[in-house]
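Reading through the structure tokens given below for one structure.
It should be emphasised that the depicted structure is a prediction, and the values quoted were computed from it without experimental measurement. So that the names make sense, note that chain A is the first sequence line, chain B the second, and so on, each numbered from 1. The figures here come from the full heavy-atom set of this structure, side chains too, leaving out hydrogens, waters and symmetry mates.
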Protein chains: 2
Amino acid sequence: MAAPDTRTRLILAAMKLFWEKGYGSTSVADVLQSARVNSGSLYHFFPGKQDLLLAVLDLYRDGIRRMLIEPAWRGVEDPLERVFALLARYRQSLADTECTYGCPIGSLALELHEPDLAVRERLAANFAAWTDAVHECLIAAGERLPRELDRRELAAFVLTGMEGGVMQARTYRDLSTFDGAVRQLRAYFDRLQREAIPPRALRARPPAPRRKERR
Amino acid sequence: MAAPDTRTRLILAAMKLFWEKGYGSTSVADVLQSARVNSGSLYHFFPGKQDLLLAVLDLYRDGIRRMLIEPAWRGVEDPLERVFALLARYRQSLADTECTYGCPIGSLALELHEPDLAVRERLAANFAAWTDAVHECLIAAGERLPRELDRRELAAFVLTGMEGGVMQARTYRDLSTFDGAVRQLRAYFDRLQREAIPPRALRARPPAPRRKERR
DNA sequence: TGCCGACTTGAACAAACACTCAAGTCGCGC
DNA sequence: GCGCGACTTGAGTGTTTGTTCAAGTCGGCA
């Protein structure tokens, strides 16, 4: 593992700090210190602090598959379980940090009230990439979900549930609302599946398709 | 309407600015200018900026019934429709501001990464008051929902859906994800209700709910 | 060897920040 | 009229902010 060059060191340091402290509360000096870089170098690579944020958001987006989604799906084949495996990953992140760090994109999305178009576009791209992954699962689930169900809308709703759950978990410093949100989401999925089962095949569907069953 | 005194003028100005720009991006000078107050007066009433935030959060909490929930429920008697009337109010707020201002509490909850206990407690109290209102509705719905349903958990899930929907609406600058989240939430509620209907009374439930009905 | 452009260094900058304070105004009880 | 405490005034505090820049290092190429 070669030592990362200055530019990526800056992006990685900014990524970490924006996640931990938010964008506004992270000073350029913080980033410089954490990356062990002088200010001149930063401004050699980036016109300003906001462009550093753009690079961070681009890195999130480019790495969302390899760093987030694929690890979450490893060992989970059932497409609907993959949706919940993704949520479990966020639960783990909350648990590891005593409910302080949740979804970096969501935090930034609500923190930034002055919405430079470039920033908003990248936030949206990150949300879209996340939603796409869930959407794939819902499509792969095929007829286990009602035919007339809007799968894209449901995928976005899963993101909604994750972000809202993370927000409450962080505020209460307690995982139980996050768990409750996941449980309600699962209850909804269960009902959708029950409804989608064609009557003649009722017996053919065991309660849990594969892997561990949890409620 | 008497002119508000200095203290409340400060709180109201801060409330507006924190909503529009967030806490970190609102300077004390902004508040002073907007409230037409000198800095000495502010520090006569409040030890510091954060205590101003505490006062704002207390005001939100104290006014949540009169200013938010009761207006949303006016003219809506059906308890389950009241849940969606509350969501409709947030939709209106997003629509009125071109999807820039959503839920002030949610924004603050994700913006503040350094979580002074006092601030977090008030954020939590605001969430709890909101959830309580929805909880009341779910209890008032009585047997229209499954008996074994955890009504408190579902109430928190409604908040989850609202906050997540607001977050995406703001990011995409588009109401459609918010609407989609509400639609999915309604689909879940519909299924819960359908399931709760005792079989012998199946014919007694018309598609559109009116006031509370006997089973 | 000499030169050039890519990159680094770190002091310096003005603006913005939250906050302080000595001086002053004002209404009210005596 | 007097004194006192509540409140106001606004210039001033020191610090932190994002950003600039002249000077320097260094590797590769002619």
Side-chain angles (χ1 to χ4, degrees), chain A residues 2-59 107-108 111-119 122, chain B residues 2-59 107-108 111-119 122:
Chain A
D5 65 13
T6 306
R7 206 187 110 96
T8 61
R9 233 162 55 235
L10 283 166
I11 297 177
L12 290 174
M15 194 178 231
K16 176 166 152 20
L17 289 167
F18 292 166
W19 187 44
E20 288 174 358
K21 320 181 17 169
Y23 176 73
S25 300
T26 299
S27 71
V28 173
D30 289 337
V31 177
L32 294 173
Q33 184 178 356
S34 172
R36 247 162 296 184
V37 165
N38 291 102
S39 62
S41 293
L42 190 155
Y43 288 95
H44 173 74
F45 292 109
F46 303 98
K49 185 187 179 189
Q50 186 184 277
D51 303 85
L52 189 54
L53 173 62
L54 294 180
V56 167
L57 291 174
D58 283 340
L59 186 57
S107 298
L108 290 167
E111 177 187 348
L112 302 168
H113 290 235
E114 324 121 59
D116 266 325
L117 179 61
V119 175
R122 323 244 166 168
Chain B
D5 65 11
T6 306
R7 206 187 111 96
T8 61
R9 232 161 57 234
L10 282 166
I11 297 177
L12 291 174
M15 193 179 234
K16 177 165 147 32
L17 289 167
F18 291 165
W19 187 44
E20 288 174 359
K21 319 179 23 169
Y23 176 73
S25 300
T26 298
S27 72
V28 174
D30 289 337
V31 177
L32 294 174
Q33 185 179 357
S34 171
R36 245 160 297 185
V37 165
N38 291 313
S39 61
S41 294
L42 190 156
Y43 289 96
H44 172 75
F45 291 109
F46 303 99
K49 185 188 179 188
Q50 185 185 276
D51 303 85
L52 190 54
L53 173 62
L54 295 180
V56 166
L57 291 174
D58 283 340
L59 186 58
S107 299
L108 290 167
E111 177 187 348
L112 302 167
H113 290 236
E114 323 121 60
D116 266 326
L117 179 61
V119 175
R122 319 235 172 178

Notebook entry, point to check: Looking only at heavy atoms, which two atoms of B:Glu114 and A:Ser25 are closest? And how far apart?
Noted result: OE2-OG, 3.4 Å
Below 3.5 Å between N/O atoms, which protein atoms pair up with nucleotides 13-20 of chain C? Just atom names and distances, please.
residue: C:dA18; atom: OP1; partner: B:Val28; partner atom: N; Å: 3.4
residue: C:dA18; atom: OP1; partner: B:Lys49; partner atom: NZ; Å: 3.1
residue: C:dA18; atom: OP2; partner: B:Val28; partner atom: N; Å: 2.7
residue: C:dC19; atom: OP2; partner: B:Tyr43; partner atom: OH; Å: 3.2
residue: C:dC19; atom: OP2; partner: B:Lys49; partner atom: N; Å: 2.8
residue: C:dT20; atom: O4; partner: B:Ser39; partner atom: OG; Å: 2.7

Checklist line | Side-chain heavy-atom pair A:Ile11, A:Phe45 within 4.5 angstrom cut-off | finding: no
Notebook entry, point to check: To the nearest angstrom, how far is A:Gln33 atom CD from D:dG18 atom P?
Noted result: 13 Å
Dump the pairs, protein N or O against N or O of nucleotides 3-7 of chain C, anything under 3.5 Å, distances to one decimal.
residue: C:dC7; atom: OP2; partner: A:His44; partner atom: NE2; Å: 3.3

Item checked: B:Arg9 versus B:Ala35, closest heavy-atom pair with distance -> NE-O, 3.0 Å
Checklist line | B:Arg122: partners by side-chain hydrogen bond (donor to acceptor under 3.5 Å, both in side chains), with sequence neighbours left out | finding: B:Asp58
Next item on the list: Find the distance B:Leu42:CG to C:dC21:P and express it as a whole number of Å.
Entry: 16 Å
Note to self: Tell me if a side-chain donor or acceptor on A:Asp5 pairs with a main-chain N or O of A:Thr8 at a distance below 3.5 Å.
What the structure shows: yes
Checklist line | NZ/A:Lys16: more than 12 non-hydrogen atoms of other groups inside 6.0 Å | finding: no
Note to self: Under 4.0 Å from OP1 or OP2 of C:dG10: is there any side-chain N or O of A:Asn38 that close?
What the structure shows: yes
Note to self: Taking CD in B:Gln33 as the centre, count heavy atoms belonging to other residues, nucleotides or ligands within less than 6.0 Å. Is the count above 12?
What the structure shows: no
Checklist line | side-chain contact (heavy atoms from CB on, under 4.5 Å) evaluation trace for B:Leu57 with B:Leu108 | finding: CA-CA 10 Å; B:Leu57 291 174; B:Leu108 290 167; 4.0 Å; yes
